[in-house]
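Working notes, structure below.
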Amino acid sequence: MKAIRKLKEGPGAEIVDIPAPKAGPHDLLVKVKASAMCKSDVEVFEWTPLVAAAHYALPFTLGHEFAGEVVETGALVKGFAVGDRVAGETHIPCGSCRECRTGNQHICSNNMGVLGRNVDGCFADYIRLPEISAIKLPANADYIQCSLYEPLGTAIHALQKAKPSGAHIAILGTGTIGLMACEAAKAMGASRVFALDISQERLDYSLKVGADAAINGKEKDFVTEIKKHTSQLDAVIDFTGSLRVINQAIDALAIAGRLVQVGMVGGDLIIPNFMYRVVYRELQITGIFGRHMYTTWDILGNLLESGRVKLEHYVGEVMPLKDYKRALERFDQLNGRAVMLPEEE
Ligand SMILES: [Zn+2]
Ligand SMILES: [Zn+2]
């Protein structure tokens with residue numbers, strides 16, 4: 001089968017022919033029908049310092065956002081059958097460590113598998129997916145749209161931590177997951193949603209999918225602006241990873257407000273005057289890594305079934321998998337994901 005593989009350290013990747021994976025006793029073999037390019041895949045292609053520092057064993061197949069059809073099930077698989085449509089949870093927990101046993105298996109501490117990193121990913125014709133990380137899709141699921149389950153799950157998990165019900169909430173950075181967070185925040189009960197970005201085009205799109213106000217950080221000071229809009233900003237989700245933006249978020253938040261960090265912070269995060277700005281104001285600062293298994297997936301299913309969140313809003317462009325370089329080039333220009341289709345044989 002064809003697969004996009006990282007063969008050596010440094011920028012780039014290759015399309016190569018490798019044997020299709022085999023399903024172990026607890027695995028599904030899934031024919032990938034559509035996969036999407038994530039910012040973290042872009043980082044693996046570019047081999048950023050953050051990725052290089054992880055020292056992943058090479059080679060591996062890239063990609064982790066996908067939808068496909070089960071074509072084979074391992075002997076011990078109980079919940080899935082051939083023909084099922086599935087999406088994949090990127091994190092593969094061990095099932096037996098302390099985290100796995102205390103409701104945090106999505107951040108398993110025992111050599112957790114991560115698709116497209118230390119486990120072969122989905123930029124290929126087939127993927128081996130452990131049953132524990134398979135998410136069943138509706139029987140009539142649209143594969144292109146459902147390749148976006150995983151990033152929508154990230155947005156929802158961040159919102160679970162931000163507690164949107166009744167809240168005034170700001171979404172900082174309106175890339176695909178930030179845009180999804182604007183829409184899901186409203187569906188999950190936020191009173192008002194404010195979007196911040198420096199791209200006016202993305203801000204305009206955020207207003208279409210659910211944001212009530214959009215602030216262009218290039219033109220306006222976020223803290224001043226947010227205080228014009230609301231006397232109480234309850235929660236912020238940061239997708240930018242920018243030190244400047246995160247520090248602005250801290251000042252924009254109401255006392256006892258919540259900051260949820262999703263965007264990758266490359267270096268050290270310095271918060272000057274921490275005692276007065278954070279501690280005495282009892283701000284809550286947390287982050288997320290992946291999606292909660294499986295409450296996030298439950299909420300996601302409900303939101304999609306209700307029609308209050310629509311994945312079609314986030315399909316930026318569809319292209320053949322072999323054109324993945326185009327998906328990389330277009331990453332910052334699209335409102336939504338580049339979705340790639342393996343060639344039908
Ligand atoms: Zn992703
Ligand atoms: Zn574990």
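Residue numbers count from 1 along this sequence. Both ligands and their constituent atoms are indexed starting at 1 by order of listing.
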Table please: side-chain donor-acceptor pairs of residues 73-80 below 3.5 Å, with sequence neighbours left out.
none

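By the 4.0 Å N-to-carboxylate-O rule, D17 lies close enough to K2 to be salt-bridged with it. Of the charged side-chain nitrogens involved, none lies within less than 4.0 Å of a carboxylate oxygen, so that D27 and K22 do not count as a salt-bridged pair. A salt bridge is defined here as a Lys NZ or Arg NE, NH1 or NH2 lying under 4.0 Å from an Asp or Glu carboxylate O, and D212 with K186 meets this definition.
Between F66 and F123, the ring centre distance reaches or exceeds 6.0 Å. Residues H106 and F289 keep their aromatic ring centres 6.0 Å or farther apart.
The SG atom of C97 and the SG atom of C100 meet at the Zn ion (ligand 2) at an angle of about 110°, given to 10°. Rounded to 10°, the angle that SG of C94 and SG of C108 form at the Zn ion (ligand 2) is 100°.
Atoms of the protein (N, O or S only) found under 2.8 Å from the Zn ion (ligand 1) are C38 SG, H64 NE2, E65 OE2.
Proximity of T154 to V262: side-chain heavy atoms (C-beta onward) are separated by under 4.5 Å at one or more points.
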